[in-house]
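Have a look at the structure below, then the notes.
This structure is a prediction, so every number in the text was calculated from the model and none was measured. Values below: all heavy atoms of this structure, side chains included; hydrogens, waters and symmetry mates excluded. Every number for a ligand or one of its atoms is a count from 1 in the order of the listing.
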Amino acid sequence: MKKHTHSNGTTLLENHKLRITPIRQQVLGLFMGKPHALSHSDIEQTLVGDFDRVTIYRTLTSFVEKGLVHKIPAENGVVRYALCKDSCSEEQHHHSHVHFNCGTCGQTFCLENISVPTITLPQGYSFTDMNYLTTGTCKNCNKQ
Ligand SMILES: [Zn+2]
Ligand SMILES: [Zn+2]
Ligand SMILES: [Zn+2]
């Protein structure tokens, strides 16, 4: 049986057939340590070491391609990335969960386990992706 664990970045990289490199390990570690989605600049500011923008961009692109993270488009055009669940694989992302953008802290969260409507497309249209973006105040900000 294939082991799936989110506690070990190396295992995750191996499971998604990604060669283990210092930047991949570090970027993945950032995602695993945060409950919210990360933008390119979040990652760039947090990484330790000398990694240029292109290297970070390539790392994120390979993660998306291999089904490790998914992209979340936002209203202001800033794309964020969040860790996928185990069901995603190369070229195939299997999730239709809700994304929530907090207007107070500005963070974006993946909200799992919320039923979302199934959309049937008209004939001639084929389906690639679906995005449910909701906005409001997150639970952390509501507590304060
Ligand atoms: Zn995915
Ligand atoms: Zn918030
Ligand atoms: Zn998500």
Side chain to side chain contact (heavy atoms under 4.5 Å, CB included) between V79 and I72, intermediate numbers included
CA-CA 6 Å; V79 175; I72 309 165; over 6 Å; no
Can you check side chain to side chain contact (heavy atoms under 4.5 Å, CB included) on K34 and Q107, steps first, answer last?
CA-CA 11 Å; K34 297 272 189 293; Q107 302 296 1; over 6 Å; no
Could you go through the side-chain hydrogen bond (donor to acceptor under 3.5 Å, both in side chains) check for T135 and N101 one step at a time?
CA-CA 5 Å; T135 55; N101 183 243; over 6 Å; no
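S39 is linked by a side chain to side chain contact (heavy atoms under 4.5 Å, CB included) to S41, D42, V78, R80, counting only residues two or more places apart in sequence or in another chain.
Side-chain contact check for H94 and H70: no donor-acceptor pair (N or O, by modelled atom type) lies under 3.5 Å.
Using cut-offs of 30° and 60° on the angle between ring planes, the pair H95 and H93 is perpendicular.
Under 2.8 Å from the Zn ion (ligand 2), one finds the following protein N/O/S atoms: C102 SG, C105 SG, C138 SG, C141 SG. Protein N/O/S atoms found under 2.8 Å from the Zn ion (ligand 3), listed by chain and residue number: H70 NE2, H97 NE2, H99 NE2, C110 SG.
Distances from the Zn ion (ligand 1) to the N/O/S atoms of H93 are shortest for ND1.
Atom CZ of F127 has more than 12 neighbouring heavy atoms from other residues, nucleotides or ligands inside a 6.0 Å radius.
In this structure, the side chains of P73 and N131 come closer than 4.5 Å at one or more pairs of heavy atoms. In this structure, the side chains of Q25 and I20 come closer than 4.5 Å at one or more pairs of heavy atoms.
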Can you give the donor-acceptor pairs under 3.5 Å from side chains of residues 57-66 to other protein atoms, not counting sequence neighbours?
from	atom 1	to	atom 2	distance (Å)
T59	OG1	T55	O	2.7
T61	OG1	Y57	O	2.8
S62	OG	R58	O	3.4
S62	OG	T59	O	2.8
K66	NZ	E90	OE2	3.3

